[in-house]
Amino acid sequence: MSDDVFAWIEQNDGELDSISWQVMSAATALSRDLNRPLVAIVLGENNDALTQSAIHHGADKVMNIQDPSLKRFRIEPYSAIFTALARRENPSAIIMGASTAGLELTAHLAAKLQAGLAADCTDLSVDSGQIVATRPALIGNLVATVRFKKDAPSIATIRRNVYPPADRDIARVGEVISQPVVLSEDQISTKIESVEFSAGKVSLTDANIIVSGGRGVGGPEGFKPVIELAEALGGALGASRAAVDAGWIPYPHQVGQTGKTVQPDLYIACGISGAIQHLAGMKNAKVIVAINKDGDVPLFKYARYGIVGDLFEYLPALVAEVKSRLAR
Amino acid sequence: MLTPVEKAIFILAVLTSLYFAVGTFKKMVAIIGSGSGEIPRDRMLYRCALGVKMLINQNNMIRNRPFVSLVHSLIAWTFILYLLVNVVDVLEGLITNFHFLGSGLTGDIYHFLVDVMSVMALIGMTYFLVRRFLSKSPALNIRDNIKLHPAAIKGISKDSLLVGLFILGHIGFRFLSASFQIAQEGGDTWQPFANILASVWMGLPPFIVLLAEHIFWWLAIGLILVFLPYFPHTKHAHLFMGPFNLATKPDRKSPGAMDAIDFEDESIEQFGISQLKDLSQTQLVDAFACIMCNRCQDACPAYTTGKELSPSALEINKRYHISENMNALADGKGDDVPLLSYAISESALWACTSCGACVEVCPVGNEPMLDILGIRQDQVLMNSAFPNELKGAFTGIERNGNPWQMSGDRMAWTESLDFVVPTTDDNPGYDLLYWVGCAGAYDPGTQKTARAIATILNTAGVNFAVLGNSETCTGDMARRAGNEYLFSEMAKSNIETLNGAGAQKKKIVTGCPHCFHTLDNEYPAYGGQYDVMHHTQLIDNLITEGKIKPESQDGTEITYHDPCFLGRHNGEYNAPRDALTTHGFSLVEMARNKRDSFCCGAGGAQVWKEEEAGDQAVSDHRFEEAKKTGVETLAVGCPFCARMMNDANARAGSPMQIKDIAEIVAESSQKEKGTKQGN
Amino acid sequence: MNIIVLMKQTPDTAQLSGTVDGLKLSEDGGPRIINPWDEYSIETAIQLKESHGGHVTVLCVGKEEATEALKTSLAMGVDEAILISDPAFEGSDCLATARILTEAIKKHGSFDIIVGGRSAIDGNMSATAVQVAALLNIPQISYVADLIEINSETNTIKAVRLLEKARETVNSTLPALITVVKEINEPRYPNLIGIRKAARAEIPVWNLDDLGLNTDQVGSAGSQVTWEIDLPPVRENQLDLIDGPPEEAAKKLIDKLMEEKVI
C-alpha cells in the first residue's frame, strides 16, 4: 500500500512527448500535497537517459521497463504493465498527459483497476487528502469538479500546455528500479505494421487547432505563413472558399457551408472576412481569433480575439512566439 | 380528277396509312396514359381554343431566335393552311368537277394564298436545311460533355433531312401539280408563282401535262400518306403534340411551383422520379412534344457555363428511350431503367439552378426543370444520394431552423436600429407581417437589407411586426434540392406559426424572393393561404402612395438583375424597376433581362453546394453582363443574387457596387427625412 | 459479421448561443442528437455490413428521450437498436456506464467487432468505449481514421490510427473494439424509407434486471467519481482587440490563448 503518486513519462519511438514534464509538474504538486513519493514510470526500448532526466525533473523513484516490445505505444503491453504495477504498489494517483495514448491508457487502466477517472483536466489539487480534478465539459461550456472515491487510485490526465514543465535540477538523485514486461511479444494481439509521420498533414475534421487563410493571403505563396503557424501549433490548415475558388489551396482544406464543418478548440482566421458561408463551418469553435487588415469585416463580431493588421507582419511574429514558448 | 382506278388505289392507300398511323398514335396514347396523375380534362373548350391559339401565334417563340422563328412561323402557317389544302386536293381528286370555292374571288384569293405561302415555305424549308446541314448552325449542336442517347445525333439529322425533304417534296410536288393544272387551264394570274412554271409547260403535249398533273398529285399526296405513320416517330410529332401539350398543361400558380407529396399516404412506395413510369402524364407528353430545337439549352445558365446539363438533351433522351422501347412501353410492360442512366447525368442533375428559363422559353410547353426536380426527389428521399455539402444545410434546417446551422438570436439584426422592431407578440394588432427570412436574420450583408426594409416600413408608418425567433426557414432550399419531406415538415410548422399569429388575415411582405415564392405559391397546398408580396413590390407601392419620399437621383444610371424567383417564376418585372425609376434612376438594362434574365447561379440549392464542373461560374458569367452596362451600381432584389454578385465582383476585382433596392431607397429616403439608418 | 455500435445521445451543441448556455442545453427536454462521433460509428458499421454482410446492433445507455436517437440510427440503416435504461443508472460515471454496456453486449450475444466514437461531445472523457474493451478483455484500436481490412473468417483487422504526429497502421485480431475519428467516412443522411421504417419500429428497453446487475454496480453507487457541474466563469462575448506591433501583439495573444488553455 504505497499511496505513491505515479506519473507516466511518455515517449514514442524514443521521442519524448513534451507533455511529460508538464505531467511531472502536476504530479510534483500532488506528491507534495499528499506527502507521498513521486514515482515516474518509463517504458520504451532504450530508457537510460530518460530515467535520469525523470529524476532531474522531480521523480523520487523511477520504474524502468525496457523492452523492444515497448518501442511504440500499444495499449495491451502498456496497460498490462501499469495494471501490474498499480495492483502491487497501490498508488494514490496515476497521472498522465491527455495525449491520444494517455487518454486511452488511463481509461483502460481505470477499468482494470475499477478506479475513478478524470480526463483532460485543467487543474489537479488535493482537498482533505483526496484528489480533486477540474475539467471542461460540453466543449468548454461547462466546468466539472471531479472527486474521487478513496478505495482505488485516482487516475487523471492533464490537458496539454496547462501546467508548466517541471523545473529541472541535474543535481537531483533518485532510485531507478527495473521492472519486467508482463506480456511477451507473442501474447500481444496488436502489431504495428507501419508508421507514417505526418507533420503538417493534420486531419481538418478532427483537429483541435486550425489555422485558416482566406482572400487576404493574396495567392498560393501567401499561405506559407499560415501553414507555418499551423505547423508550429500542431494544428490543421484550413481555407475559405474564396482561396479555394482562386486555386490557391486545394478543396479538401475548405472550411464552410460547402466544405468541412469543424469544431476545434482554436480557430485562427487570417485574411478571412467571415461571410456567412464560412461562418457556418466554424462558428462553434471554442476560441476564434481573427487577423485581418480590415477591422470592419463580419468575422470580428464572432471572434474572441482579434488583430487588425497585415497578416504577413503578424503571422511570422506569432510563429516565432509559439516556437519559443511551446518548444522543449 | 382521279380515274376510278386511281380513286380505288387512293382509298386503299389512305386506309393503309391510317392503319399504321393510328397504330402509332395508339401506342403514344398508351405510353402517355401509363404516366402518373392525369392530364387535365377540365374546361375542354377553353383548352382546345388555347391550343389552337398557340398554334397560330406560335406561342410567341419569335421572342427568341427571331429570324429563325419567323421562318418557322411561315412554314407552320403554311402547314396549317395545308390541312385545308390537302383535304381540298383529295376532294377535288375524288369528286369530279369539284372546285373548292369555285372560280370566283374567294376561290382566287384562296389560290393566291396557297401559291404565295407554298413558295415562302419552300424557301424557308430550304433555308432550314442549309442552316442545319451546310452552314451547320452551332445552336443545333449539343456539346460533347452532355449525356445524349447514342441514336440521337444521327437520328435528329436523319429526321430533319427526311422531313425537310418531305416538306420540300410535298409542297414542291403539289406546287408542280398545280402548275400543270394551271397549264391546262391556260394560266392563272392569281397563282403568280405556279403560273410562271405553268408557262413553261404550256408548250408540252396535253397528255403529258395531264399525266404530270396526276403524277405530281400522287407524289404530293402520296408523301403525306407515307409520312403520316412516320411522323409520330420523329420530333415532328410536335405538329400535334406541341399544341396538345400547351392545351393540357396543368394549371400552375407559377412555372416553378411544385406539387406537394402526401407523406401520410402509406401506399406510396416511390417518392420522386426514378424511371420513365414515375413521370407524370404531362411529363411524358413533353417528350413527344419536344422539337429538339435546343432553345432551352441556350437559355440554361448551367449549359451556358459548360456544365453537363442540357434540358434539351433530357427531353431528347426521354424521347429516344421511348422510341427504342415503344412496343414494350405501350404494352404496359414498363421498364426498370433509371432515368439517371440514360436521360441525364448525375452532375447535370445537380447543376440545375431552378431558374425556369427552359420552361419559359420552350415553344411547346415542356418543363424540363420539373423533371429534374422530380429526379432529385427520388435521389434524396429514396437513396439519400445527393452532393454531400447539402447535408449541412438539411441538418441546419432540421435542427437550427436555418440552412447555415446558426444558433443566434434571429432579432440580432435589429440591434443597431434606432427604433424598435415589434414581434407579433409585442404588436398583435399588426397589419403587415414582415417575414425576414434566414438571410436577413443571419447573413451580415442581408441584415443591412433587413434594416433598410424595416426603416422604410417605419418611416412610412406601416403597422408591421415580425415573427422574431419563431420564424424558421420556409424550406425552399430543401424542396429545390429534392428533400420534399423536410420541406413538408417546415411548411406545416411554419403554417402553424403563421396562423397562430393571425397572418392568414393580414398581409405578408418578404425580404427574399424564395420566401415570397414559397409562401405565396407553395404553402397553399399545405393549408396556408396568405396574401404575400415581395419587398420591392411593397416599396414601389409606398413610393407611389407618397408614404416614403426618396430624393430624386437625377438620372443616375443603374442596372437591375431580375431574381428568377421574383421575375420569371412570378411575373414581377415592373415593381422593382419602378421603385428605381420613379425617383429618378436611369435604368440601363442588361442584354438578358426580364423574362430572358440570366440566373445569378444561386437557385436550385446551388448556393449550398460546390458548383458542378464546367467552364465558368454562373455568377461570373452574369456579372460580366452587368459590367458591360458600364454603370456603377447593380441593383438586386434577393439576398442570394446579392451574395453571388458580390462574390463575382470580388473575384473580378471590380469597383461595382451591389445594393438591394431596399437599401437604395432607404438611403435616398434618409436624406429626405433625416432618419438615422444606422448600420 | 456481427457488429455492435455503442451510441450516446448528447445535447446538440450547435444550438449553443448567447441565449442558450451549457446548463440550459443539458436540461431535460433540451435538444438532443446522436453524439456526433457516434454518427461516424454507425456509418462505419453500416458500411461494414454492406461490404461483408451481417447484422448491426446499436446499444445506447440513456433515458427514454434517447429513443429518438436510436430511431435515427435505424433510419440510417442499422438492423437493431436497443435502449438500455433504468432510473438506477442515473449518475453513472464512465466506468459504471462501461459496465452496463458490457453486460448488455454479453446479453446480446457474440460479436465480431464493436464500434464506438472517439469521445462524447458532452463528457469528452474518451473513456467509455475503451473501458468496455478492457472489461470484455478484447483488443482495441483507437482513433481509427481508415479501416483497411477486416475478415471475420481469419479474425483479422487492419486499420490506420490518427495520432498527433503520425498515422499508424496496425493489425489486430477479432473480436475487437475500435473507436473512430471523423476522417473515417461521411455519415449518411437517412432516406425517407428508412425514416418511415424507423418511425414504426419498437425499440426494446433493457433495464437493470435484464442485465443481471445490482444497484451498487451502477449509478452513483457504482461510480468511482462524482461530478459537480457548473458554468465556466462568465466572460463577456466582446471582442478582445489586441493592438501593438507584431512582436508585442503576438506575445499578448499567445498569453491569452494559453490562459484559455486552447494551445
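These figures come from a predicted structure and were not determined experimentally. All chains are named by letter (A, B, ...) in the order of the sequence lines, taking the proteins before the strands, and each is independently numbered beginning at 1. Atom set for the values below is all heavy atoms of this structure, side chains included, hydrogens, waters and symmetry mates excluded.
One N or O on the side chain of A/Lys112 and one on the backbone of C/Ala134 form a donor-acceptor pair closer than 3.5 Å. Side-chain atoms of A/Arg160 never come within 3.5 Å of backbone atoms of C/Lys261 as a donor-acceptor pair (strictly under, hydrogens ignored). Side chain of A/Asp206 to backbone of C/Glu183: a donor-acceptor contact under 3.5 angstrom is found.
No more than 12 heavy atoms of other residues, nucleotides or ligands shown are found within 6.0 angstrom of NZ on A/Lys293. The environment of A/Gln130 atom CD is dense: over 12 non-hydrogen atoms of other residues, nucleotides or ligands sit within 6.0 angstrom.
Note: C/Thr226 leads C/Ile242, C/Thr226, C/Ile229 in heavy-atom pairs under 4.5 Å with chain A. Ranking C/Ser142, C/Ser126, C/Pro11 against chain A, the residue ahead of the rest is C/Ser142, based on heavy-atom pairs under 4.5 Å. No other option in A/Ala119, A/Pro136, A/Gly295, A/Ser189 has as many heavy-atom pairs under 4.5 Å with chain C as A/Ser189. Chain C forms the most heavy-atom pairs under 4.5 Å with one residue out of A/Gly116, A/Gly306, A/Ala137, and that residue is A/Gly306. Counting heavy-atom pairs under 4.5 Å between each of A/Asp265, A/Asn161, A/Leu103, A/Thr145 and chain C puts A/Thr145 at the top. With respect to chain C, the highest number of heavy-atom pairs below 4.5 Å among A/Gly140, A/Ala111, A/Ala207 belongs to A/Ala111. The candidate with the highest count of non-hydrogen atom pairs below 4.5 Å against chain A, out of C/Leu16, C/Ile141, C/Asp230, C/Ile157, is C/Asp230. Of the listed residues (A/Thr100, A/Thr157, A/Val308, A/Asn284), the greatest number of heavy-atom pairs within a distance under 4.5 Å of chain C belongs to A/Thr100. Annotation: maximal heavy-atom pairing with chain A below 4.5 Å, among C/Glu247, C/Met258, C/Glu164, occurs at C/Glu164. Interface summary for chain C: among A/Lys283, A/Glu76, A/Arg159, the most heavy-atom pairs under 4.5 angstrom belong to A/Arg159. For the set C/Thr173, C/Leu163, C/Thr13, the count of heavy-atom pairs under 4.5 angstrom toward chain A peaks at C/Thr13.
Neither the backbone nor the side chain of A/Thr261 comes within less than 4.5 Å of any heavy atom in chain C. For A/Val146, the parts lying near chain C are the backbone and the side chain together; criterion is any non-hydrogen pair under 4.5 Å. Contact of A/Ala118 with chain C is made through the backbone alone, with heavy-atom distances under 4.5 Å. Residue contact with chain C, scored on non-hydrogen atoms closer than 4.5 Å, involves the backbone and the side chain of A/Gln114 alike. In this structure, chain A has a heavy atom under 4.5 Å from the side chain of C/Ser26, while its backbone stays farther away. In this structure, the portions of A/Ile139 lying under 4.5 Å from any heavy atom of chain C include both its backbone and its side chain. Both the backbone and the side chain of A/Leu318 come within less than 4.5 Å of a heavy atom of chain C. In this structure, the portion of C/Leu95 lying under 4.5 Å from any heavy atom of chain A is its side chain and not its backbone. Using a 4.5 Å cut-off between heavy atoms, A/Leu142 touches chain C through backbone and side chain atoms alike. A/Arg74 does not touch chain C: none of its heavy atoms, backbone or side chain, sits under 4.5 Å away. The contact between A/Val289 and chain C is made entirely by side chain atoms (from C-beta outward), counting heavy-atom distances below 4.5 Å. Both the backbone and the side chain of C/Ala14 come within contact range of chain A, each with at least one heavy atom under 4.5 Å from a heavy atom of that chain. C/Lys252 does not touch chain A: none of its heavy atoms, backbone or side chain, sits under 4.5 Å away. For chain C, the nearby parts of A/Arg147 are the backbone and the side chain; heavy atoms of each come within less than 4.5 Å. Only the backbone of A/Ala115 has a heavy atom closer than 4.5 Å to any heavy atom of chain C.
The two atoms that bring C/Gln131 and A/Ala110 nearest to each other are NE2-CB, 3.4 Å, heavy atoms only. When all heavy atoms of A/Ile307 and C/Leu241 are compared, the closest pair comes out as N-CD2, 4.2 Å. Considering every non-hydrogen atom in both C/Val130 and A/His108, the closest pair reads CG1-N, 3.7 Å. The shortest non-hydrogen separation linking C/Ala127 to A/Leu117 is CB-CD2, 3.6 Å. The two residues C/Pro245 and A/Tyr314 make their nearest non-hydrogen contact at C-CE2, 4.1 Å. Closest approach of C/Leu253 to A/Tyr305, counting heavy atoms only: CD1-CB, 3.8 Å.
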Checklist entry - Hey, mind stepping through C/Gln140 and A/Ile75 against side chain to side chain contact (heavy atoms under 4.5 Å, CB included) and telling me if it holds? => result CA-CA 8 Å; C/Gln140 69 183 53; A/Ile75 187 73; 3.8 Å; yes
Next on the checklist: Under the criterion side chain to side chain contact (heavy atoms under 4.5 Å, CB included), I'd like the reasoning laid out for A/Phe73 against C/Glu168: C-alpha separation, chi angles, the key distance, then a yes or no.
Outcome noted: CA-CA 11 Å; A/Phe73 171 79; C/Glu168 204 180 66; over 6 Å; no
Checklist entry - Does the pair A/Glu104 and C/Arg118 meet the rule for a salt bridge (Lys or Arg N to Asp or Glu O under 4.0 Å), with working shown? => result CA-CA 10 Å; A/Glu104 193 181 354; C/Arg118 191 203 84 174; over 6 Å; no
Checklist entry - So C/Thr169 and A/Val195, side chain to side chain contact (heavy atoms under 4.5 Å, CB included) or not? Walk me through it. => result CA-CA 6 Å; C/Thr169 306; A/Val195 185; over 6 Å; no
Next on the checklist: Between A/Lys286 and C/Val262, is the side chain to side chain contact (heavy atoms under 4.5 Å, CB included) condition met? List the steps.
Outcome noted: CA-CA 8 Å; A/Lys286 185 150 171 264; C/Val262 288; 4.1 Å; yes
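Under the 4.5 Å side-chain criterion, counting only non-hydrogen atoms from C-beta, A/Asn141 is not in contact with C/Pro232. Counting only heavy atoms from C-beta outward, the side chains of C/Leu231 and A/Val143 never approach each other to under 4.5 Å.
Salt bridge status for A/Arg325 with C/Asp255: present, with a side-chain N to carboxylate O gap under 4.0 Å. The existence of a salt bridge linking C/Glu260 and A/Arg304 is confirmed by a sub-4.0 Å separation between a basic side-chain nitrogen and an acidic carboxylate oxygen. A salt bridge is absent between C/Lys165 and A/Glu196; no separation between the charged side-chain nitrogens and carboxylate oxygens falls under 4.0 Å.
Distance check, rounded to the nearest 0.5 Å: OG of A/Ser194 to CZ of C/Arg167 gives 11.5 Å. Residue A/Thr190 holds its OG1 atom at 9.0 Å from CG of C/Asn171, rounded to the nearest 0.5 Å.
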